[in-house]
Number of protein chains: 2
Amino acid sequence: MKSKRENIKECAARLFRQKGYKATSMRDIAQEVGVEAASLYNHIKSKHELFQELLLQMANLFTKGMNEINDSSYTPLIKLEKLISMHVKFAVEYTDSISLITHEWVHLEGNSLEEFTELRDSYEKKFEDIIKDCIDQGFFSPVNTEIALFSILSTLRWLYSWYSKKNDINPVELEKEFIHCLLDGLKKK
Amino acid sequence: MKSKRENIKECAARLFRQKGYKATSMRDIAQEVGVEAASLYNHIKSKHELFQELLLQMANLFTKGMNEINDSSYTPLIKLEKLISMHVKFAVEYTDSISLITHEWVHLEGNSLEEFTELRDSYEKKFEDIIKDCIDQGFFSPVNTEIALFSILSTLRWLYSWYSKKNDINPVELEKEFIHCLLDGLKKK
DNA sequence: GTCTATACGCTGATAGAC
DNA sequence: GTCTATCAGCGTATAGAC
């Protein structure tokens with residue numbers, strides 16, 4: 001059974017995604033939940049708390065997934081495949097919250113902004129290191145790792161929007177296509 | 001000499017990018033320009049007019065560029081290279097306004113929203129058709145054109161943010177790297 | 001826990017003096 | 001064209017009855 005608080009968070013995520021954080025009012029959220037705005041404050045402290053919780057939860061999920069994959073004994077190439085698979089999985093499972101990571105994080109304030117950007121930067125660094133390993137170990141031809149990272153991450157970040165347009169697509173199929181499309185171009189011939 | 005109106009638009013674009021459209025107030029813009037908020041209304045009709053002008057201007061630039069390239073007699077592969085080159089050029093030249101295209105267009109209203117999405121959809125369709133031509137004429141191996149389009153466009157859409165982080169990079173070099181990175185993976189071996 | 005009532009700051013925009 | 005003064009409306013959030 002979903003708690004009232006969980007329900008509020010889901011409604012908020014949906015609206016934040018559709019209209020943006022700043023353009024979504026507490027009255028909007030209340031209407032979506034089916035109560036008056038004042039009642040929301042029995043379950044949450046503020047609008048911003050709601051927002052930062054959504055964002056940091058996602059950032060922590062990605063960090064946890066990255067650490068598990070990175071600490072494994074897979075080859076770096078397999079690690080990249082696992083990472084892509086994780087992004088596809090999250091895009092399907094958390095379509096709304098995940099959109100906030102790409103678009104709305106600028107509205108974070110204070111500690112939560114700092115925490116978020118640290119998690120993100122550290123994630124990106126680990127991702128790039130794995131690409132470097134792929135080159136060092138002869139899986140990839142030598143490319144500009146920064147551009148390769150940037151290109152892969154950009155595509156993965158837009159996955160959620162693309163998936164919501166075409167949700168007739170089988171996630172397993174999607175994953176296969178993406179691994180092929182993002183990695184095969186980098187491989188040594 | 002820059003008109004006052006042009007100056008207001010530039011200041012607004014910078015702030016819309018940094019804080020988002022909804023979070024930027026007319027008083028913010030006025031401060032950046034160096035006047036009182038009321039004075040802005042001698043040059044513009046409303047905040048939204050300012051916003052939609054910035055967005056539609058960029059959308060029309062892209063459409064114009066696409067049409068010129070598409071109507072040329074280049075091979076589809078060269079057309080793609082020209083398109084990437086155009087994206088790099090615009091990302092360098094219009095860094096602020098271009099960010100609005102990716103992030104802030106949801107705040108468009110009425111006719112301007114309709115006009116914008118039509119321009120964007122038509123742009124994407126033409127882009128995909130060129131990719132299809134590349135496959136048909138044997139430049140690319142047969143791939144899922146939708147995913148290829150999506151992957152290329154996602155990367156190009158993030159160019160501006162990446163470029164603002166690393167503006168020590170030579171745009172000409174950048175262009176070469178991107179053409180290599182985005183197209184070589186698709187080519188027939 | 002939910003409601004109604006309300007505080008009060010900030011918003012986009014206008015009126016009218018200079 | 002720019003300013004000061006001002007408006008009506010909406011924003012988040014709280015107080016207190018039930």
Side-chain angles (χ1 to χ4, degrees), chain A residues 1-56 97 100 103-113, chain B residues 1-56 96-97 100 103-113 116:
Chain A
M1 185 52 191
K2 235 179 338 194
S3 77
K4 190 111 203 178
R5 195 166 203 281
E6 276 313 303
N7 188 32
I8 292 172
K9 279 173 73 175
E10 278 176 27
C11 291
R14 196 158 49 240
L15 289 171
F16 289 161
R17 179 191 174 187
Q18 278 167 21
K19 322 180 22 156
Y21 172 67
K22 284 281 177 182
T24 302
S25 72
M26 293 304 280
R27 290 172 174 95
D28 291 334
I29 300 172
Q31 193 178 29
E32 188 88 354
V33 175
V35 293
E36 290 302 314
S39 309
L40 296 174
Y41 290 91
N42 287 309
H43 306 278
I44 58 151
K45 228 185 73 207
S46 69
K47 185 189 176 187
H48 191 264
E49 185 209 48
L50 203 54
F51 179 62
Q52 76 181 42
E53 234 179 82
L54 285 169
L55 271 176
L56 287 175
S97 333
L100 307 179
H103 292 127
E104 298 290 319
W105 64 269
V106 282
H107 298 116
L108 286 172
E109 290 165 25
N111 288 339
S112 58
L113 175 59
Chain B
M1 184 53 190
K2 233 178 342 192
S3 76
K4 192 110 204 182
R5 193 166 205 279
E6 275 315 300
N7 188 33
I8 292 172
K9 277 173 74 174
E10 277 175 26
C11 292
R14 198 159 49 242
L15 289 171
F16 289 161
R17 179 191 175 188
Q18 277 166 24
K19 323 180 23 156
Y21 171 68
K22 284 281 177 182
T24 302
S25 72
M26 292 305 281
R27 286 163 178 89
D28 291 333
I29 300 172
Q31 193 178 29
E32 189 89 354
V33 176
V35 294
E36 290 301 316
S39 309
L40 296 173
Y41 290 90
N42 287 308
H43 307 278
I44 58 152
K45 227 187 73 203
S46 69
K47 185 189 178 189
H48 191 263
E49 184 210 47
L50 203 53
F51 179 62
Q52 77 180 41
E53 233 179 82
L54 286 168
L55 271 175
L56 286 176
D96 291 323
S97 331
L100 307 180
H103 291 128
E104 298 289 320
W105 64 270
V106 282
H107 298 116
L108 287 172
E109 289 164 26
N111 287 340
S112 58
L113 175 59
F116 177 83

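Convention: sequence-line order gives letters A, B, ...; per-chain numbering from 1.
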Quiz item: Salt bridge check: are B:Glu53 and B:Arg5 linked by an N-O gap of less than 4.0 Å?
Solution: yes
Quiz prompt | Atom-pair distance (NZ on B:Lys4; C1' on D:dG1), nearest Å | solution = 9 Å
Quiz item: When you check the phosphate oxygens OP1 and OP2 of D:dC3, does a side-chain N or O of B:Ser39 lie under 4.0 Å from one of them?
Solution: yes
Quiz item: Is it true that B:Glu10 and B:Lys2 have a side-chain N and a carboxylate O under 4.0 angstrom from each other?
Solution: yes
Practice problem: Find the distance B:Lys22:NZ to D:dG11:C1' and express it as a whole number of Å. | Solution: 12 Å
Quiz item: At under 4.0 Å between heavy atoms, what does B:Ser25 touch on the DNA or RNA strands: base, sugar-phosphate, or nothing?
Solution: sugar-phosphate
Self-check item: 5′-ward residue of the pair B:Lys45/B:Ala23 relative to DNA chain C
Solution: B:Ala23
Practice problem: Report the distance from atom CG of A:Leu50 to atom CE of A:Met26, rounding to the nearest 0.5 Å. | Solution: 6.5 Å
Practice problem: Cation-pi check, A:Lys47 to A:Tyr21: give yes when NZ or CZ is under 6.0 Å from the six-membered ring centre and within 45° of the ring axis, no otherwise. | Solution: yes
Quiz item: Which listed nucleotide (D:dA13, C:dC3, C:dG12) is nearest to the side chain of B:Lys47?
Solution: C:dG12
Quiz item: How would you label the contact of B:His48 with the nucleic acid (heavy atoms, under 4.0 Å): base, sugar-phosphate, or nothing?
Solution: nothing
Practice problem: Could you check which of D:dA13, D:dG1, C:dC3 has an atom nearest any side-chain atom of B:His43? | Solution: D:dG1
Quiz prompt | B:Ala38 side-chain proximity, nearest of D:dT12, C:dA13, D:dT4 | solution = D:dT4
Quiz item: Which nucleotide sits closest to the side chain of B:Tyr41: C:dA13, D:dC3, C:dC3?
Solution: C:dA13
Quiz item: Considering only side-chain heavy atoms of A:Arg27, which listed nucleotide, D:dT12, C:dC3, D:dA13, is closest?
Solution: D:dT12
Self-check item: Contact nearer the 5' end of DNA chain D, comparing A:Ala37 with B:Gly34
Solution: B:Gly34
